[in-house]
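When a ligand or atom number is given, it counts from 1 through the structure's own listing order. Bear in mind that the values here come from a model prediction, so they are computed numbers and not experimental data.
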Amino acid sequence: MNPLTEIKFKIPFDQIQAEHVEPAIDQLLVEANKLVEEAAADPNPLMATDTMTEKLAYAIGLVQHIESVATTPAFRAAFNAVQPKASAFYSSIPLNEHLWNAIKKYASTDESRALQGTHKRFLTKTIDSFKRHGADLDAAGKARLKEIDVALSEATTKFSEHVLDATNAWDMVVTAEEQLKGLPPSAIAMARASAESKGSEGWRFTLQGPSYVSVMTYLDDSRLREQVWRAYNTRASSGPLDNRALMAQILELRKEKAKLLGFKDFSDLVLDDRMAHTGERAQNFLKDLREKTDQRFREENQELEKFAGRKLEPWDIGYWAEKQRAALYDFDEEELRPYFPLERVVSGMFEIFSQILGIRVAQVTDMPVWEPDVKTYEVRDATSNAHLGSFYADWYPRENKRGGAWMDSLITGDPAKSHPHLGLICGNLTPPVDGKPALLTHREAETIFHEFGHLLHHLLSRVEVRSLAGTSVAWDFVELPSQIMENWCWERQALDLVARHWETGEPIPDDLFQKMKRAKTFRAANAQMRQLGLGFVDLALHREWDGKEDVVAYARRRMQPFAATPIPEDYAMITGFTHLFSSPIGYGAGYYSYKWAEVLDADAFTRFRKEGVFSEAVGREYRDKILARGDSEDPAELYRSFMGRDPDPQALLERAGLSG
Ligand SMILES: [Zn+2]
């Protein structure tokens, strides 16, 4: 019996082996292909399209999950073997003419015209999605679309290889100890270890994140900072790893694809199914925020120059900002660690949201896990005691686990039939050391809240159509339920439940809490301007660049207004901007979503602010109108039903100390 071929709520993680993967996926692909043909023969194919991939998605999801948290060489090989087959199957669905004809035929019946609510939305979304994937093109159009997709996939893969290679190709070895002045001991040790690994003397600096950031933040020698900054911001912009031509090609292909599918440009294609809907609307959103940020942005930069007592170059900003921060706030984030023992953070968080949302979270021990320290929980409705869902929590780093923090869904249940949902949250948080419990930073505590928010979006879903349930929402809406949770990590009342000194049980002392809050808004206009600039250049490239001006020069010109200092002629951050160009879609025309979601979460939280951060009334409303609804309704409508109006950026500006 292959443990991957049947959906089981208590997933047999103790039985799944690498050798199960290929036979299971092969078998499920055959079954899924049969189900696609059955759906095409069904006079009402709509609901069949919702369930035809359920078993395959379950198995693929499990394989991906195990690859992320408990991989072995054999498992990775099996995963790599099935991955292309599965993605070929998924991209074949909208191009299946039998199924597409059946859906169109059904859409013209009286039965389908009488559909209401979620089912009506599902029909519309299915038709739109098929069209966006080329279902309506003639044979020549479909063939060209396929060519474009293959070319995009090759060009974007090459783009990201170039960035990786260019990043790795550069290093700087310092041999005179006095040149290290300013760096913290941990950064010096890291540079020494890096030199040693290459068999060289001295200290080696690279363009990898931790090395680059430590140099730009702390190194006193401005000439060395300049060298590193210039190397970083000209990656993949010349020589054999030059990304210019690839970028131009990717942008042209994306434009052609959008036009082929009936859209004005790539931003309109990508945003068609998102909350912003059009590239123009996203651009206006950024423009508005920019106008509201600009004055404070200029002031911050003047204050910094005054503090430094000199005119600043781009490679001076991070360095002097750190000096200014230390002078103004005298705040070390490490001071907070003893107040954030992981177990307390988690149990305090459960307490807060159980009360607000009307749920109960309890640990259970009857579910097999992939690693002994993974914990399992179930979530019940506090009133009816109905089992809403269960989840796994896996918090500590391991060698066989990927980095970062994330939430995933394993089973999308059906609340109407009392089938609970199943999901998980994972992180790579500071583990316990020296006999002490795991003591987290405040940022790590926020991460736990964030992922728990995504998880609740899944577990509290009450959507009857699988494909529209839980977190299957527009990309610029999906971070609302997660980011809103982080707000509680800044509220005294909530922190008192979550943050207690691991030895004394004391809450965070008030002076430390005040320092932490003040430091939060330090140079917030600069942080915001940077994100707005990246969002702007992304949309400008995908909407306005006409192919005549050199793409790097164009990007540089569009980014200058968002930079704290004049940027040099050879500035080419864009050729290393993997968010936009390292996959066929990726964050292309979607970088604005970061700010968009922040506006939503800050704004939505104002209801809790006004009516009480523990308000059960607001909490139940939030659960019913947002968390329970998945994508069963236009997200703009869901938002209005909770707030009584459209999103307002004012709350974000206030939270960042930018409201004037
Ligand atoms: Zn998230």
Side-chain angles (χ1 to χ4, degrees), residues 61 64-65 68-69 270 273-276 282 345-346 349-350 352-353 357 379 389 391-395 397 401-410 412 421-429 440-461 469-490 498 527-528 531 534-535 538 578-580 582-583 585-588 590-605 608 622-623 626-631 635 638-639 642 647 651-652 655-656:
Q64 260 160 358
H65 170 62
S68 301
V69 294
V270 170
D273 195 28
R274 297 193 187 163
M275 199 174 165
V345 171
V346 169
M349 176 178 77
F350 290 164
I352 295 170
F353 295 103
L357 301 172
V379 177
F391 68 95
Y392 306 84
D394 178 358
W395 292 128
K401 180 178 175 184
R402 75 170 164 93
W406 68 95
M407 166 271 169
D408 212 345
S409 56
L410 294 167
T412 298
H421 303 291
L422 184 65
L424 60 95
I425 36 184
C426 285
N428 279 272
L429 306 174
L440 308 180
T441 63
H442 181 247
R443 182 65 213 138
E444 286 179 316
E446 281 186 308
T447 300
I448 294 181
F449 276 60
H450 180 108
E451 300 309 334
F452 190 56
H454 282 307
L455 184 75
L456 289 172
H457 200 190
H458 176 61
L459 298 182
L460 302 185
S461 170
T471 58
S472 313
V473 297
W475 196 346
D476 49 9
F477 188 69
V478 74
E479 296 298 328
L480 165 61
S482 52
Q483 285 178 189
I484 196 172
M485 305 287 278
E486 297 174 26
N487 290 285
W488 275 273
C489 294
W490 294 90
V498 166
Q528 175 141 303
Q531 289 299 88
L534 296 175
D538 170 27
T578 48
H579 275 77
L580 304 194
S582 67
S583 66
I585 297 178
Y587 266 91
Y591 200 87
Y592 77 91
S593 321
Y594 285 112
K595 274 293 150 197
W596 186 278
E598 275 180 48
V599 164
L600 298 184
D601 94 69
D603 190 37
F605 189 69
F608 288 99
Y622 175 67
R623 176 177 164 187
I626 304 280
L627 292 178
R629 300 294 306 276
D631 194 32
L638 295 182
Y639 193 84
F642 177 63
L652 171 68
R655 188 171 72 184

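Taking 4.5 Å as the limit, every side-chain heavy atom of Leu480 sits out of range of all side-chain heavy atoms of Met275.
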For Asp538 and Tyr592, run side-chain hydrogen bond (donor to acceptor under 3.5 Å, both in side chains): C-alpha distance rounded to whole Å, both residues' side-chain angles, the deciding distance at 0.1 Å, then the answer. CA-CA 8 Å; Asp538 170 27; Tyr592 77 91; over 6 Å; no

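His458 and His421 have tilted rings, their planes meeting at an angle from 30° to 60° on a 0 to 90° scale. Taking the six-membered ring where the residue is Trp, Phe350 and Phe452 present tilted rings, their angle falling between 30° and 60°.
The minimum distance between the Zn ion (ligand 1) and any N, O or S atom of Glu479 involves atom OE1.
Here the Zn ion (ligand 1) is the vertex; the NE2 atom in His450 and the NE2 atom in His454 give an angle of 100° (to 10°).
Within the 2.8 Å limit, Glu451 places no N, O or S atom next to the Zn ion (ligand 1).
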